[in-house]
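A short worksheet on the structure shown next.
What you see below is based on every heavy atom in this structure, not just the backbone, and it leaves out hydrogens, waters and symmetry mates. Every value quoted in this text rests on a predicted model; they were computed, and no experiment measured them.
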Amino acid sequence: MSRTWDWENGQSLLGLDDPEEWDAALGRGEAGLGTAVIGLTFHCTLAEVSPRIVRAMRLPDAGQRGFAFTAAGHAARLNGELTPELYAALRAEGPGGFAENAIGGHAHFRAVPEASAMVQVAVGV
């Protein structure tokens with residue numbers, strides 16, 4: 001049975017576990033893609049979610065774009081590493097922007113030296 005997602009209001013999008021559904025929503029121009037990519041981060045492999053996080057980092061809506069950087073932070077915490085594409089996207093954002101605030105601002109990262117070092121390398125701190 002297919003699940004119905006409330007893309008406009010973001011209800012339940014943190015439960016999204018189907019990368020192809022995210023791709024289809026991107027193609028339709030749905031709202032809530034940044035929120036949904038956080039859901040994918042919790043439910044999919046790093047290889048599956050990484051390209052979608054990178055695409056979400058380029059969304060026109062600043063709030064949803066910020067959620068993409070939060071997803072990158074969760075991906076680093078959950079997997080202990082990031083893909084080269086995610087590192088490149090974080091470096092492109094640079095220090096002081098979404099990357100530093102969304103990733104470096106998580107208490108979870110400050111408590112995990114390896115993840116903190118990844119953030120510093122990624123954003124060039």
Side-chain angles (χ1 to χ4, degrees):
M1 186 166 126
S2 180
R3 194 163 171 185
T4 302
W5 302 100
D6 184 351
W7 291 97
E8 190 61 36
N9 294 313
Q11 297 294 321
S12 74
L13 290 178
L14 292 177
L16 185 68
D17 60 0
D18 182 355
E20 291 179 10
E21 176 63 30
W22 191 91
D23 295 342
L26 177 67
R28 294 188 306 268
E30 297 285 3
L33 290 163
T35 304
V37 83
I38 293 173
L40 289 178
T41 301
F42 291 127
H43 303 288
C44 299
T45 67
L46 182 59
E48 290 173 314
V49 75
S50 177
R52 289 157 179 97
I53 294 172
V54 171
R55 280 183 258 158
M57 288 176 172
R58 298 185 207 121
L59 291 169
D61 180 271
Q64 291 300 310
R65 210 168 46 248
F67 290 147
F69 286 91
T70 299
H74 288 312
R77 181 175 54 81
L78 293 168
N79 296 285
E81 64 181 347
L82 292 174
T83 63
E85 295 80 12
L86 278 171
Y87 276 122
L90 292 169
R91 281 189 198 101
E93 179 67 17
F98 279 123
E100 186 173 351
N101 293 333
I103 296 174
H106 282 291
H108 299 292
F109 282 90
R110 286 194 284 266
V112 181
E114 297 83 12
S116 180
M118 284 190 289
V119 171
Q120 291 175 359
V121 169
V123 298
V125 175

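Sorted by first then second residue, the salt bridge (charged side-chain N to carboxylate O under 4.0 Å, His left out) pairs that include residues 35-44, not counting sequence neighbours, number zero. Here salt bridge (charged side-chain N to carboxylate O under 4.0 Å, His left out) pairs that include residues 7-16, with residues two or more places apart or in two chains, number zero.
The line from OG1 of Thr45 to CG of Asn79 is 8.0 Å long, rounded to the nearest 0.5 Å. Between the CZ atom of Arg55 and the CD atom of Glu85 there is a distance of 11.0 Å, given to the nearest 0.5 Å.
In this structure Ala62 satisfies the side-chain contact (heavy atoms from CB on, under 4.5 Å) test together with Arg65, Phe98, sequence neighbours excluded. Under the rule for a side-chain contact (heavy atoms from CB on, under 4.5 Å), the partners of Arg28 that lie at least two apart in sequence or sit in another chain are Trp7, Glu21, Ala24, Ala25, Glu30. Considering only residues two or more places apart in sequence or on other chains, Asp6 meets the side chain to side chain donor-acceptor pair (under 3.5 Å) condition with Asn9. In this view, Asp61 and Gln64 satisfy the side-chain contact (heavy atoms from CB on, under 4.5 Å) rule, not counting sequence neighbours.
In this structure, Thr35 and Gly10 approach most closely via the heavy-atom pair CG2-O, 4.5 Å. Nearest heavy atoms, Pro19 versus Leu40: N-CD2, 3.8 Å. Scanning all heavy atoms of the two residues, the minimum distance from Asp17 to His43 falls at CB-CB, 3.5 Å.
If you chain together hydrophobic residues whose side chains sit under 4.5 Å apart, Leu13 and Ile53 fall into the same group. Tyr87 and Val49 fall within a single hydrophobic cluster, where Ile, Leu, Val, Met, Phe, Trp and Tyr side chains are chained together by heavy-atom contacts under 4.5 Å. When the side chains of ILVMFWY residues are joined at heavy-atom separations under 4.5 Å, either directly or via intervening members, Phe67 and Phe69 end up in two distinct hydrophobic clusters. Met57 and Leu33 fall within the same hydrophobic cluster, defined by Ile, Leu, Val, Met, Phe, Trp and Tyr side-chain heavy atoms under 4.5 Å apart, directly or through other members. Grouping the Ile, Leu, Val, Met, Phe, Trp and Tyr side chains by contacts below 4.5 angstrom, directly or via other members, places Val37 with Trp5.
With contacts defined as side-chain heavy-atom distances shorter than 4.5 Å, the pair Arg52/Asp23 qualifies. Side-chain contact check for Thr83 versus Val54: every heavy-atom pair is 4.5 Å or farther apart. Annotation: side chain of His74 is in contact with side chain of Ile38 (closest heavy-atom distance under 4.5 Å).
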